[in-house]
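Here is how names work: the chains are called A, B, and so on, in the same order as the sequence lines, proteins then strands, and each is numbered from 1.
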There are 2 protein chains.
Amino acid sequence: MNLKELALKLNLSPTTVSRALNGYPEVNAATRERILAAAKRHNYRPNTRAIRLATGRAMAVGHVFPVATKSEIMNPIFADFIAGAGEVYTTNGYDMLLSVVSDAAETQSYHDLKLRGAVDGVIIHAVRSSDDRIKTLLQLGLPFVSHGRATSVDLPYSWVDVNNRRAFLRATEFLLDLAHQRIGLINGKEDLDFALRRRMGYLEALSARAIAQDPALMFTGELTEHAGYLAASTMLALPQPPTAFVCASMLSGMGARRAIEARGLVMGRDVSVIIFDDELSYLRNGEDLPIFTATRSSVRLAGQLAAQMLLDLIADPASAPQNRLLEADLILGQSTGPAPRT
Amino acid sequence: MNLKELALKLNLSPTTVSRALNGYPEVNAATRERILAAAKRHNYRPNTRAIRLATGRAMAVGHVFPVATKSEIMNPIFADFIAGAGEVYTTNGYDMLLSVVSDAAETQSYHDLKLRGAVDGVIIHAVRSSDDRIKTLLQLGLPFVSHGRATSVDLPYSWVDVNNRRAFLRATEFLLDLAHQRIGLINGKEDLDFALRRRMGYLEALSARAIAQDPALMFTGELTEHAGYLAASTMLALPQPPTAFVCASMLSGMGARRAIEARGLVMGRDVSVIIFDDELSYLRNGEDLPIFTATRSSVRLAGQLAAQMLLDLIADPASAPQNRLLEADLILGQSTGPAPRT
DNA sequence: CCTCTGATTTAAACCGCTTTGGCCGATACC
DNA sequence: GGTATCGGCCAAAGCGGTTTAAATCAGAGG
């Protein structure tokens, strides 16, 4: 059942039927009723492909996920971010297009999406401190929102980000207030911007208390349980081991906990741990009471905000870039306590 | 730059240019060369929207992810499955459309995708034992591949699945061979088909050795660390605690491990653990040596296979349903050992 | 030299919708 | 009564490709 057939059945022109369905005013109320009823009765849905060609809009948003050819690690926050963004798209009648491309082909893939007219805008993920995607997209004139900022990119663009620096600043300060002096940092890969900012926050807190930074207490790598375990184990084996850890993810924190317990120590008593909690649906930080003390910010919410921001941008491409900096809550769990007395 | 403009520049008709670019034979070789060169030079990409309307094919595949309104849990295997499937789509020039819908609206969303002509086929996830989506899709005539089978649905359809029953059968047998007598099952939600089959395998192994099943040793719930921890803790607190666990996921296994260690026991010595390892990229079972003894099957591979199967099905909708049953490897890690002597 | 054939190329229809511009009849206004 | 206005509806022209049917051209054959 297409528009023409429906119009024929109603003894009306396709024009009028189209107008009625799209809510244009120049249709008689009675006629509109009749059309709406018929459309429902015949279960009519306008053909998406035709709408897109006719309107010139794709009614779709792209998410390009680079898959690092070497690491092959899919971003674990992916699913929840997508869930958040997807809700917004669905509500607004947009489709979500996912491209999985090798990171070498990523720039090319934006060109393609734009030239093919497959999407009206994109969201970029896993932003690096110096990310050339931003320049590429600006030049391309393809509306986009970045999940995360790029520190070394000084161009106007829209982003949604968490205040990673302040989150780790506060986390570290909190530990310092508990009299911890040696605090280990278990961070993500620091070419990624969020990780860089977290380290800045950590260092800022230390230097505010005139505590020298110790490279042996700073780890950067994948945000996996295994990496967290290794990093924490190594640090705990130091002559002067840390009495606390700041971990960049739930998984790192779980690894740290395992390392702590493997040494016969008790988390929260002998060694404190604070994690960054993205509130991933399948990795909850406890059900009722939080297990880990954590800086918490919902990645799903970030997805919703980014999606909405992008749709606004698409609706009015000339509008000024929007920004949204989310603050992470510091929530108290059972993984932190005063530094043990020596 | 569109087809007409390109044709104008070449002093050719759009028809010829279109033919040349699409590899039709009735174009002079020299002309074709000229066209291809010009297309490359002008960076021409045919407009996806127009192609779709003209050919009647969407050149897109849909993945509908139901988000349970209550649990809100995104499937953790999501990201890796998508990564696998996405590679195949990209290679074949297909787009991947993701719909995130509340599970109540899921059936409706398939209707929509079909009626709107937005996709040529779909892949369904998180299959329930009695899943009405299969019937719906068959009636709709929308090609689909199911990731997982539906036990109580007796209709012909295409699927990719792991031999969950045999995986758990083998895992349980392995533990029985190590003289474990009381083996706890930490399973996923058993309305999901894969979980049901895993329990069948577990029970089959027990009954083959004439070991009575004990409801107190069977847990079913979310595949989270927390749930795994609770389940294992509860079982370990029994008067006759299990000496081994079979866990349905890496996360459950990690929870079990925590429960074991919380009681001052050692995994692999006092209590054995086998997990099902989906080889999720961000949840590796160890880097070099596996931590957990595991039944292993790559969810990413499943994604690739399912995607390829769907594309085949779309290319020839009349073809018979295809099936692919993957066997999980049983790999030896450090989490299992002989049952402790009492 | 004319016709036929096969190789190339083209004109035009079409995919299903939106949208511009126009038409028609009725009401308002002078 | 004549005309400007307006509500309501329609014809037709796109949107940018693909595809069918037909035209053109060159060489072969008679």
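Using a 4.0 Å heavy-atom cutoff across all strands shown, A:Ile51 reaches sugar-phosphate atoms only and no base atom.
Whole-Å rounding puts the B:Arg57 CZ to D:dT18 C1' distance at 10 Å. Put simply, CD on B:Glu26 is 18 Å from P on D:dA23, counting in whole angstrom units. Distance, A:Lys4 NZ to D:dA12 P: 13 Å, rounded to whole Å. D:dG17 atom P lies 9 Å from atom CD of B:Glu5, rounded to whole Å. Taking atom CG on B:Asn22 and atom P on D:dG16, their separation rounds to 17 Å, with Å as the unit. Rounded to whole Å, the distance from CG on B:Leu3 to C1' on D:dT19 is 13 Å. If you measure from atom CG of A:Asn47 to atom C1' of C:dT18, you get 13 Å, rounded to the nearest angstrom. In this structure, A:Met1 places its CE atom 15 Å from C1' of C:dC17, rounding to the nearest Å.
Residue B:Thr16 has no polar side-chain atom (N or O) positioned under 4.0 Å from OP1 or OP2 of C:dT9. Dashed line: the shortest gap from a side-chain N or O of B:Thr31 to OP1 or OP2 of C:dT8 is not under 4.0 Å. Taking side-chain N and O atoms only, B:Ser18 has a distance below 4.0 Å to OP1 or OP2 of D:dT18. Residue A:Asn28 has no polar side-chain atom (N or O) positioned under 4.0 Å from OP1 or OP2 of D:dG7. For the OP1/OP2 pair of D:dG17 and a distance below 4.0 Å, the side-chain nitrogens and oxygens of B:Tyr44 include at least one atom meeting the criterion.
Using a cutoff of 4.0 Å between basic side-chain nitrogens and carboxylate oxygens, A:Asp120 and A:Arg57 are not scored as salt-bridged.
When atom types are taken as modelled, the side chain of B:Asp278 and the backbone of B:Leu280 share no donor-acceptor pair closer than 3.5 angstrom. At distances below 3.5 Å, at least one donor-acceptor pair connects side-chain atoms of B:Arg49 with backbone N or O atoms of A:Arg52.
Out of D:dC9, D:dG14, D:dG16, the shortest distance to the side chain of A:Ala54 is found at D:dG14.
Where B:Tyr24 and B:Leu53 meet DNA chain D, the nucleotide closest to each residue was compared, and B:Leu53 sits on the side nearer the 5' end.
Between the side chain of A:Thr15 and the base of C:dT19, a donor-acceptor pair under 3.5 Å is found. A donor-acceptor contact under 3.5 angstrom links the side-chain atoms of B:Arg19 to the base of C:dT10.
Applying the ring pair (Phe, Tyr, Trp, His ring centres under 6.0 Å) rule to A:His63 yields the partners A:Tyr89, A:His125; only residues at least two apart in sequence or on another chain are considered.
Between B:Ser146 and B:Tyr157, the shortest heavy-atom contact is CB-CE1, 4.0 Å.
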